[in-house]
Amino acid sequence: MNYELPDELKMLRDMARKFASEEIAPFAREWDREGVIPQATIDKLAALGFLGVMVPEELGGAGTSHLGMTVVMEEIARRCGGTALMLAAHNGLCIGHIMLAASDEQKKKYIPDLATGKMLGAWALTEPNSGSDAAALTTTAVREGDEWVINGAKNFITNGHRAGVFVVLARTDPAAPKAKGISAFIIERDTPGLTIGPKEDKMGMRASDTVPLNFENCRVPACNLVGELNCGFKDTLRVLERGRITIGSLSVGLGRGGLEESLQYASEREQFGKPLNRHQAIQFMLADMAMEIDAARLLVRRAAVLRDEGKDAKIEASTAKLYASEMATRACLNAIQIHGGYGYLKDIPVERFLRDAKLCEIGEGSSQIQRLVIARSLLDLPEA
Ligand SMILES: Cc1cc2nc3c(=O)[nH]c(=O)nc-3n(C[C@H](O)[C@H](O)[C@H](O)COP(=O)(O)OP(=O)(O)OC[C@H]3O[C@@H](n4cnc5c(N)ncnc54)[C@H](O)[C@@H]3O)c2cc1C
């Protein structure tokens with residue numbers, strides 16, 4: 001693996017870094033408090049191509065690689081985890097599923113508007129009674145003539161408050177073993193029978209919205225089935241593989257945020273007659289943070305490069321997501337410690353980074369589920 005980013009990705013990184021520092025950092029605290037990212041910011045992100053990071057240029061995207069996507073995510077998350085999560089769900093999950101499994105006709109219909117930010121996308125797998133055990137979902141889709149009739153409920157759907165399009169997983173063959181009777185559907189926002197619930201009041205990632213969805217006799221045209229009938233869960237696992245790389249890079253960004261704020265603070269604040277960064281205990285915390293961020297980034301980039309080479313990266317994606325998310329929480333806790341009492345106040349962003357980082361250990365497969373994935377592979381055990 002080449003450890004140096006190619007020139008075009010360095011340019012992409014610098015562009016994302018500049019945008020995040022000028023257009024996100026000054027407002028992130030307010031977005032966290034208010035629970036919203038202004039539409040004007042989403043429009044600016046779209047203008048940079050960040051709403052279609054990996055979408056081919058002919059469909060309106062920036063046409064970059066998995067590696068490029070990790071670079072963008074890290075830079076945005078360095079300033080605001082919620083904005084990065086909005087991008088992750090839109091790019092990695094919603095667009096990711098459509099690009100993976102949809103027909104050319106479906107891609108032409110939905111991707112250009114998503115990639116250019118005319119509308120946001122959401123992806124709905126989790127339900128009130130099926131989270132980690134995602135294949136146990138009970139939302140149903142029953143074929144009636146030229147339509148599918150969807151009934152059920154989804155929980156915790158990122159971007160759902162304003163998404164124009166939802167990719168929704170539903171059971172299409174109740175008699176099949178649980179992972180084998182699931183299919184994916186594109187459901188447009190204004191489809192009768194789809195009710196979008198109120199925004200959840202969350203601990204972190206507050207700038208991104210999270211809502212429950214309800215489907216009551218929600219009728220979608222038969223042509224909105226995405227991918228092969230009853231093969232939606234196989235595609236879901238592939239989408240999550242990419243999603244875990246995205247959450248890994250988001251975690252690296254949050255850890256880096258903690259480190260960079262700490263480096264700055266520890267050089268300015270003096271105690272016992274010298275700057276904090278001249279106390280060895282503080283130096284060791286900084287060194288541990290830097291080492292772990294570096295290790296996490298390497299794991300994330302290894303998984304991204306494997307995907308770019310068209311190779312399977314299931315274990316590498318789980319390893320990267322697991323290590324990077326837990327690293328981000330550790331790094332942000334250290335960052336608060338280094339800031340002392342000031343780190344506990346909302347004036348300094350490290351407490352927000354910690355609240356944002358915790359989600360990365362839960363969403364898109366919790367740390368326990370990543371450990372199960374890795375252990376099953378080590379022990380050659382079948383999937384649950
Ligand atoms: C802010 C936010 C945004 C989200 N966005 C989306 C989205 O856009 N789309 C979507 O579909 N979902 C989304 N989710 C849902 C998320 O993926 C789930 O919350 C996650 O998969 C965990 O499911 P759960 O919350 O039901 O927890 P549970 O599955 O009930 O797990 C509870 C605890 O038990 C542990 N556990 C479960 N099973 C096992 C096991 N076999 N062995 C050991 N431990 C186990 C878990 O690790 C966890 O610690 C989001 C969640 C949040 C909080």
Side-chain angles (χ1 to χ4, degrees), residues 31-32 35-37 77 80-98 120-139 152-163 165-170 178-179 182 184-185 187 196-215 232-233 235-237 239-244 246-247 250-251 254 318 321-322 325-326 328-329 352 355-376 379 381-384:
W31 302 346
D32 175 67
V36 70
I37 305 164
C80 176
T83 304
L85 187 66
M86 177 274 289
L87 291 174
H90 173 86
N91 280 292
L93 301 179
C94 178
I95 291 183
H97 202 131
I98 296 174
L120 273 187
W123 187 77
L125 172 68
T126 306
E127 299 188 354
N129 292 317
S130 65
S132 301
D133 188 7
L137 63 83
T138 57
T139 292
K154 296 286 176 183
N155 248 16
F156 295 125
I157 306 309
T158 304
N159 295 343
H161 184 67
R162 53 179 157 189
V165 153
F166 298 80
V167 173
V168 177
L169 280 303
K178 64 182 191 181
I182 293 171
F185 298 87
I187 303 186
I196 298 168
K199 287 196 229 177
E200 303 289 0
D201 190 4
K202 305 192 295 289
M203 166 184 173
M205 297 292 193
R206 291 178 54 82
S208 84
D209 67 77
T210 313
V211 300
L213 305 175
N214 197 61
F215 300 91
F233 201 71
D235 293 336
T236 291
L237 294 179
V239 170
L240 284 173
E241 185 182 307
R242 169 163 146 181
R244 286 167 185 171
T246 313
I247 297 296
L250 194 163
S251 306
L254 287 168
S318 280
K321 195 260 184 193
L322 172 59
S325 59
E326 294 191 348
T329 302
R352 170 164 53 83
R355 289 187 283 109
D356 290 351
K358 188 61 196 166
L359 182 269
C360 299
E361 295 181 54
I362 296 170
E364 300 200 27
S366 65
S367 287
Q368 287 72 27
I369 296 306
Q370 306 312 325
R371 285 190 170 85
L372 279 181
V373 170
I374 296 164
R376 276 185 198 132
L379 303 171
L381 297 173
E383 309 234 338

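Both counts, for ligands and for their atoms, begin at 1 and track the order of listing. Being a predicted model, the structure only gives us computed values, none of them experimental.
- Between D201 and R206, at least one side-chain N (NZ, or NE/NH1/NH2) sits under 4.0 Å from a carboxylate O, which counts as a salt bridge.
- A 4.5 Å side-chain heavy-atom check between V167 and L125 finds every atom pair outside the cut-off.
- Residue pairs meeting the side chain to side chain donor-acceptor pair (under 3.5 Å) criterion with at least one member in residues 83-98, sequence neighbours excluded: H97-W123.
- Backbone and side-chain nitrogen or oxygen atoms of A124 are examined, and none is located within less than 3.5 angstrom of a nitrogen or oxygen of ligand 1.
- With respect to atom 39 (C) of ligand 1, the closest heavy atom belonging to the protein is I369 CD1, 4.0 Å.
- Less than 4.0 angstrom separates atom 30 (O) of ligand 1 from none of the non-hydrogen atoms of the protein.
- No more than 12 heavy atoms of other residues, nucleotides or ligands sit less than 6.0 Å from atom CG of N129.
- When the heavy atoms of L93, T126, L125, D356 are ranked by distance to atom 16 (C) of ligand 1, first place goes to T126.
- Within ligand 1, the atoms closer than 4.0 Å to a non-hydrogen atom of S366 are 46 (C), 47 (O), numbered from 1 in the order shown.
- Looking only at heavy atoms of the protein, atom 27 (O) of ligand 1 is closest to S132 OG, 4.3 Å.
- Residues R244 and E364 come closest through the heavy atom pair NE-O, 2.8 Å.
- With sequence neighbours left out, D32 forms a side chain to side chain donor-acceptor pair (under 3.5 Å) with R355.
- Set against the non-hydrogen atoms of W123, the atoms of ligand 1 under 4.0 Å away are 7 (C), 8 (O), 9 (N), 10 (C), 11 (O).
- In summary, the atoms of ligand 1 found under 4.0 Å from a heavy atom of L359, numbered by their order in the structure, are 1 (C), 2 (C), 52 (C), 53 (C).
- The N/O atoms of T158, backbone and side chain alike, include one that comes under 3.5 Å of an N/O atom in ligand 1.
- A 4.5 Å side-chain heavy-atom check between R162 and V36 finds at least one atom pair inside the cut-off.
- The ligand atoms of ligand 1 that sit less than 4.0 angstrom from a heavy atom of E364 are 17 (O).
- When only non-hydrogen protein atoms are considered, atom 51 (C) of ligand 1 lies nearest to F156 CB, 3.5 Å.
- When the options A88, G131, G243 are ranked by their closest heavy atom to atom 23 (O) of ligand 1, first place goes to G131.
- For atom 13 (C) of ligand 1, the nearest protein heavy atom lies closer than 4.0 Å.
- Side-chain contact check for D133 versus K178: some heavy-atom pair is nearer than 4.5 Å.
- In this structure, atom 9 (N) of ligand 1 has a protein heavy-atom contact shorter than 4.0 Å.
- Closer than 4.0 Å to atom 20 (C) of ligand 1 lies at least one heavy atom of the protein.
- Residues C360 and L250 form a side-chain contact, since some pair of their non-hydrogen atoms from C-beta on lies under 4.5 Å apart.
- Side-chain contact check for E361 versus S251: every heavy-atom pair is 4.5 Å or farther apart.
- The two residues A179 and F233 make their nearest non-hydrogen contact at O-CB, 3.3 Å.
- Closest heavy-atom approach to atom 49 (O) of ligand 1 among the candidates K202, Q368, K358: Q368.
- At a heavy-atom distance under 4.0 Å, only side-chain atoms of L372, from C-beta outward, approach ligand 1.
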